[in-house]
**Q** 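Have a look at this one before I ask anything.
Numbering of ligands and ligand atoms starts at 1, following listing order. Keep in mind it's a predicted model, so treat the numbers as computed, not measured.
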Amino acid sequence: MLRLAVFVSGRGSNLVSIYNSVPDNKAKIVAVVSNKPDCPAIEFAKQKNIDVFFISEKEKTGFVNYNQLADRLAELKVNLIVLAGFLKKIPDNFIDHFENKIINIHPALLPSFGGAGMYGMNVHNAVWKSGSKVSGATIHFVDKIYDHGRIIYQKKVDISDAGSPEEIAAKVLKIEHEILPYVVLKFSENKIKIIDDKILIE
Ligand code: GRF
């Protein structure tokens with residue numbers, strides 16, 4: 001059984017899509033972690049009685065730091081961390097601690113349209129400006145460089161008829177809600193293998 005921690009900073013639609021689409025006997029969201037205590041994603045987690053943790057690299061009342069968070073997640077026997085719209089860079093030692101156990105969803109086809117500053121509407125605005133006729137979503141392992149870790153899964157979407165960056169965002173979000181539960185399910189079935197630095201999904 002997969003025990004998930006989902007890291008969020010805002011709307012939480014990907015959190016909801018995992019919650020609603022992955023069967024309970026395959027994966028359970030046991031923690032939601034956020035740098036923002038007041039956001040719709042945290043509201044959702046509280047409604048569903050999921051443990052929530054607020055994270056800060058600085059000492060702050062009501063927040064844990066990354067060492068404390070690693071301990072809490074170990075106590076909860078978390079074996080996969082999903083970054084779903086989490087806007088803070090994860091410190092290197094936390095990434096080392098959870099090597100190959102942290103995945104991220106990015107709202108474009110990496111390695112294009114990624115890197116520092118490429119989040120939210122910045123991504124879709126850049127895709128719009130580029131004149132690309134396709135976009136999509138990418139799920140990848142998290143390493144120490146923004147949007148750089150090994151790609152696990154991608155799906156593209158035709159955006160040739162999109163009339164604005166917002167329309168691109170809506171099309172991509174639909175794809176995100178399909179592929180994130182799919183990949184989580186594959187992890188729960190142990191069907192994601194790392195072979196010679198490539199990811200194979202069985
Ligand atoms: C998604 O587009 C995701 O790809 C990106 O941030 C957005 C989060 O949306 N990393 P939501 O909070 O899951 O609704």
Side-chain angles (χ1 to χ4, degrees), residues 4-22 27 29 31-48 50 52-55 80-90 94-95 98 101-130 132 134-159 162 164-187:
L4 304 172
V6 182
F7 286 34
V8 295
S9 295
R11 181 177 53 188
S13 69
N14 280 292
L15 166 67
V16 174
S17 85
I18 299 171
Y19 185 91
N20 287 337
S21 308
V22 183
I29 302 171
V32 170
V33 175
S34 181
N35 59 314
K36 291 213 174 128
D38 297 316
C39 64
I42 289 298
E43 280 304 305
F44 178 81
K46 285 182 175 167
Q47 262 174 33
K48 300 296 178 190
I50 302 168
V52 300
F53 299 98
F54 304 129
I55 181 72
L80 185 70
I81 292 174
V82 181
L83 309 187
F86 184 65
L87 294 179
K88 289 280 181 190
K89 189 150 188 326
I90 308 266
F94 191 89
I95 292 175
F98 289 97
K101 288 195 167 61
I102 310 178
I103 64 172
N104 178 50
I105 182 154
H106 183 77
L109 294 173
L110 293 174
S112 298
F113 305 109
M118 279 298 205
Y119 59 87
M121 281 311 292
N122 293 354
V123 178
H124 306 298
N125 286 329
V127 171
W128 170 254
K129 265 197 182 158
S130 77
S132 292
V134 289
S135 191
T138 303
I139 296 171
H140 63 94
F141 281 110
V142 171
D143 69 8
K144 291 167 188 167
I145 305 170
Y146 267 122
D147 298 329
H148 172 270
R150 281 172 299 208
I151 291 174
I152 300 167
Y153 193 70
Q154 294 185 295
K155 188 167 179 181
K156 64 179 189 307
V157 61
D158 182 349
I159 54 164
S164 65
E166 288 71 24
E167 281 183 38
I168 297 174
K171 281 174 177 265
V172 169
L173 193 62
K174 211 165 154 230
I175 297 290
E176 293 186 47
H177 295 163
E178 282 172 33
I179 71 171
L180 192 51
Y182 169 80
V183 166
V184 168
L185 189 65
K186 290 290 177 185
F187 269 102

**Q** Picking from Ile175, Asp158, Val127, what satisfies side chain to side chain contact (heavy atoms under 4.5 Å, CB included) with Ser135?
**A**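 Only one of Ile175, Asp158, Val127 forms a side chain to side chain contact (heavy atoms under 4.5 Å, CB included) with Ser135, namely Val127.
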**Q** Give the minimum heavy-atom separation between Ser34 and Ser9, together with the two atoms involved.
**A**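 Closest pair (atom of Ser34, atom of Ser9, distance): OG-CA, 4.1 Å.
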**Q** Run the side-chain donor-acceptor check on residues 103-124: report pairs under 3.5 Å with partners two or more places apart or on a different chain.
**A**
from   : atom 1 : to     : atom 2 : distance (Å)
Asn104 : ND2    : His140 : NE2    : 3.1
His106 : NE2    : Phe113 : O      : 2.7
Asn122 : ND2    : Gly117 : O      : 2.8

**Q** For Asp143 and Ile95, which heavy atoms make the closest approach, and how far apart are they?
**A** O-CD1, 3.5 Å
**Q** Is the Tyr153 ring parallel, tilted or perpendicular to the Tyr182 ring (thresholds 30°, 60°)?
**A** tilted
**Q** Heavy atoms under 4.0 Å from ligand 1: which residues qualify?
**A**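 Protein residues near ligand 1 are Arg11, Gly12, Ser13, Asn14, Gly85, Ile105, His106, Pro107, Glu176.
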**Q** Using the six-membered ring wherever Trp is involved, compare the ring planes of Phe94 and Phe7 and label them parallel, tilted or perpendicular (cut-offs 30° and 60°).
**A**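 If you compare the ring of Phe94 with that of Phe7, the planes turn out tilted.
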